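Take a look at the structure below.
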Amino acid sequence: MLTPHATTAWRQPLARPIAISATELIPLRWAADFAQSRPLTLPASPWPLNSQDRVKRAAPPARPPTRRGASTVEGDTAGAQLKLVFLATLVLRFTGPAALASVVANAVGIAVLPRIVHAWLAVEAVFYIVCCGLARAMGAHSEPPPLSPLRRQRLWRRILADPGRGGSVAEFVGSWFYHDRGPPPIALVSQLLPRPLRRLLPRRAHQRPAAVMYDELSREDVERWLSAGLFGKTREDINLDEARRLELSEIVGETERAAGRRLRDRSEARSGTTQAVRPLLPQLDAVRWTARPLVYYAVTHGFGSLVYSPRCMSAAGFGARQAIASTDAGSTLRYYVRAAAPGREDAPPLLFVHGIGVGPAPYADYLARLGEASGRMVVAVEMPAFSQRLSAPPPEPRRFAELVRELLARHGHAEAHLSGHSMGSAYVSYVARYQPHTVASLALLDPICLSMHNAAVTRAVVYPRADGIEEEVFNFFFKDELLTSRVVARHLWWYEAAQWLDDQTAERPTLVALSSDDAIVPSDAVAASWGCEGARARGVQLHQTPGKDHGEWLFDDVALRSLVNATAHFTAAADEASFVRLADTQAATTAHGEASPANL
């Protein structure tokens with residue numbers, strides 16, 4: 001349990017409980033941190049972030065009655081600071097609409113503003129309109145990567161047989177649906193308000209509907225869900241293609257047999273039973289986002305990208321930011337390199353991809369320690385598309401893998417140990433899928449790629465629930481940003497990012513690092529699947545950090561040191577396995593005469 005007086009660095013990965021001091025949003029405070037080459041500092045939150053944390057985390061020990069002490073004062077101060085930040089997020093949310101209204105009022109003569117104020121508001125109004133237009137343009141879902149009927153069938157059977165899917169087959173299916181019985185009258189008014197202000201209304205007016213029981217679903221409901229998830233199409237589109245319609249029907253029938261009971265036809269359902277059931281469809285639903293002003297991106301993009309990230313990475317021993325560009329697809333991959341220790345230049349490097357947040361800077365200390373412990377070169381990939389920066393969409397999966405291969409070749413390496421945290425685990429999975437020969441090992445930290453088919457991950461990231469101002473603050477800064485939401489909802493196809501246990505091999509080992517109190521990744525289910533004897537036979541090692549939420553190991557020295565040691569030992573063992581594999585391959589090649597000197 002974090003204490004009110006604890007301080008941590010502002011290196012936030014996806015979905016970490018924080019309480020942000022209002023002063024941390026002031027660039028002058030940032031400049032003070034940068035001047036000393038350290039990340040931004042914030043007081044940690046004494047409260048759990050969400051309802052899952054409230055259940056999982058033990059209550060603090062009872063204290064005898066005492067007079068009002070320093071810790072109480074600090075707790076009150078942290079609560080006051082959190083409220084200030086909450087108010088700051090309201091200001092940021094309203095800046096765009098307010099700027100647009102002010103410009104219109106000034107134009108019709110209702111209000112006369114100073115010229116400099118009017119110019120600033122005009123810029124913000126234009127930026128707000130552009131963001132709204134971009135969000136509307138995102139309404140058309142991207143074309144899914146091609147998926148053959150055979151692979152689709154194999155994927156679905158893997159899910160039905162996977163104990164980490166989330167409960168029984170019936171529970172798993174029901175978890176992907178929710179009740180939408182229509183908002184009560186007061187909720188119709190609440191829709192005109194930002195989500196934070198809806199908290200002031202009666203709870204039933206803004207509460208997100210709960211999951212659905214399997215017996216409440218009709219066959220048509222499940223077909224609608226699977227049409228989007230497995231085909232990337234609506235059910236109406238599938239019905240226009242006879243071959244796909246029959247394939248979808250077979251998949252639904254297989255699901256019924258695995259669940260042990262038949263789904264009802266809509267005609268058999270009681271009146272209204274299934275009319276209010278809706279599936280979670282992140283690729284087809286409207287992109288969920290909240291507006292923020294241009295000045296916000298001036299900090300996260302301008303100051304963060306040009307000053308904060310380079311300074312933090314430089315302080316950790318990394319060189320200047322580099323880039324490798326694609327000539328055919330227009331994609332660019334930016335990255336930082338930390339040189340190998342003398343004598344270790346030939347060792348396969350570690351290539352790391354960060355999670356949602358503000359780029360690789362929050363991981364600088366972790367990567368520096370890992371580089372010192374292993375002696376190998378460390379490459380930190382920077383993904384602006386989910387670093388709250390004004391950027392183009394990320395490279396598509398196949399192209400990303402090709403860029404990684406080109407990056408390694410530029411630095412004289414054929415393979416690397418790939419590591420990714422949270423969203424970054426999906427991107428290293430792309431490399432493992434499309435450029436497997438470049439992967440010496442995989443280190444997956446708080447990995448969403450192992451639970452892409454689990455509704456808990458989708459609900460936590462795409463459809464987050466906010467039961468208090470802590471959650472509202474966190475969702476605003478790390479989940480509701482427009483361009484990050486674009487990546488999650490339009491450029492992250494689950495079956496491209498997913499890693500499966502039966503694809504792992506001892507020749508290319510995998511390290512899975514879990515946080516026991518993770519509110520995003522269902523760590524218990526993942527540990528049960530990936531920590532069994534069969535997984536170990538496939539080269540899977542499991543590292544668990546007790547008592548930590550998603551990414552909290554970054555801010556605990558003991559947990560951080562433990563993960564660094566585990567990763568360093570894991571990559572060293574993988575190097576030995578790679579050396580043996582290479583020697584065996586060369587011996588087999590020579591024995592067959594395919595590459596012997598006499599035949600060259």
Side-chain angles (χ1 to χ4, degrees), residues 316-318 333 335-341 343-355 360 363-383 400-447 449-450 499 503-514 530 538-543 553 560 562-582 585:
F318 287 82
L333 195 64
Y335 62 96
Y336 296 87
V337 173
R338 190 179 192 275
R344 293 282 289 163
E345 293 86 357
D346 294 335
L350 176 85
L351 186 142
F352 178 81
V353 184
H354 61 82
Y363 305 86
D365 183 37
Y366 164 69
L367 296 175
R369 293 190 189 195
L370 192 53
E372 292 171 359
S374 65
R376 67 182 74 248
M377 183 176 81
V378 179
V379 179
V381 174
E382 184 175 57
M383 301 294 291
F400 178 83
E402 293 171 352
L403 287 170
V404 168
R405 175 181 54 78
E406 294 171 14
L407 183 160
L408 294 175
R410 171 187 287 185
H411 293 275
H413 293 278
E415 64 177 10
H417 300 283
L418 302 187
S419 178
H421 178 249
S422 194
M423 174 70 82
S425 70
Y427 279 81
V428 300
S429 290
Y430 296 154
V431 184
R433 178 179 302 280
Y434 291 111
Q435 296 290 333
H437 59 281
T438 65
V439 182
S441 70
L442 286 176
L444 308 174
L445 318 179
D446 296 334
C449 67
L450 305 187
Q499 280 287 310
D503 286 337
Q504 311 309 307
T505 64
E507 290 76 20
R508 192 212 65 189
T510 302
L511 174 67
V512 177
L514 301 173
W530 291 73
R538 291 182 173 273
V540 177
Q541 294 185 28
L542 191 64
H543 177 85
W553 49 267
L560 183 60
S562 175
L563 182 58
V564 166
N565 292 336
T567 307
H569 288 130
F570 169 77
T571 53
D575 281 343
E576 295 178 4
S578 177
F579 178 80
V580 171
R581 183 173 68 252
L582 178 61
T585 301

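Predicted, not measured: the structure shown is a model, and the values here were computed from it.
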Run His411 and Val337 through side chain to side chain contact (heavy atoms under 4.5 Å, CB included) and show every step you take.
CA-CA 10 Å; His411 293 275; Val337 173; 3.9 Å; yes

Could you tell me whether the side chain of Leu511 reaches within less than 4.5 Å of the side chain of Leu444, counting heavy atoms only?
no

CD of Gln499 to CD of Gln504: how many Å apart, nearest 0.5 Å?
5.0 Å

Shortest non-hydrogen contact from Pro447 toward Ser425:
CA-OG, 3.5 Å

What about Tyr427 and His354, are their ring centers closer than 6.0 Å?
no

Nearest heavy-atom pair of Ala364 and Ala316: which atoms, and what distance?
O-CB, 3.5 Å

Before accepting this row, confirm whether a basic side-chain N of the pair Asp575/Arg376 lies closer than 4.0 Å to the acidic partner's carboxylate O.
yes

Taking all heavy atoms of Pro509 and all of Ala506, pick out the closest pair and write down the distance.
CD-O, 3.7 Å

Can you confirm whether Tyr366 sits close enough to Thr567 that some side-chain heavy atom of one is under 4.5 Å from a side-chain heavy atom of the other?
yes

Can you tell if the side chain of Trp530 reaches within under 4.5 Å of the side chain of Arg538, non-hydrogen atoms only?
no

Using a 4.5 Å cut-off on heavy atoms from C-beta on, say whether the side chain of Leu418 contacts that of Phe352.
no

Is the shortest side-chain heavy-atom distance between Met377 and Arg338 below 4.5 Å?
no

Which pair of non-hydrogen atoms, one from Tyr335 and one from Val381, has the smallest distance, and what is that distance?
CB-CA, 4.0 Å

Taking salt bridge (Lys or Arg N to Asp or Glu O under 4.0 Å) as the test, write out the residues that go with Glu345, two or more places apart.
none

Ion pair present between Arg405 and Glu415, side-chain N to carboxylate O less than 4.0 angstrom?
no

Measuring from Phe570:CZ to Ser419:OG, what's the distance to the nearest 0.5 Å?
9.5 Å

So, Ser441 and His417: side-chain donor and acceptor under 3.5 Å apart, yes or no?
yes

When you compare the side chain of Leu350 with that of Val379, does any pair of heavy atoms fall below 4.5 Å?
no

Tell me, with the steps shown, if Phe400 and Leu333 meet side chain to side chain contact (heavy atoms under 4.5 Å, CB included).
CA-CA 8 Å; Phe400 178 83; Leu333 195 64; 3.5 Å; yes

Please check if any side-chain donor atom of His413 sits under 3.5 Å from a side-chain acceptor atom of Asp346, or the reverse.
no

Smallest separation among heavy atoms of Tyr363 and Gly355, with atom names
OH-N, 3.3 Å

Could you give the distance from CG (Leu403) to CD (Gln435), rounded to the nearest 0.5 Å?
10.0 Å

Decide yes or no for Phe318 and Val378: does some side-chain heavy atom of the first lie under 4.5 Å from some side-chain heavy atom of the second?
yes

Of all the heavy-atom pairs spanning Leu514 and Leu542, show the shortest one and how long it is.
CD1-CD1, 3.8 Å

State yes or no: are the ring centers of Trp553 and His421 separated by less than 6.0 Å?
yes

Here the gap from Arg369 atom CZ to Asn565 atom CG, rounded to the nearest 0.5 Å, amounts to 9.5 Å

Side chains of Val431 and Val439: does their closest heavy-atom pair fall under 4.5 Å?
yes

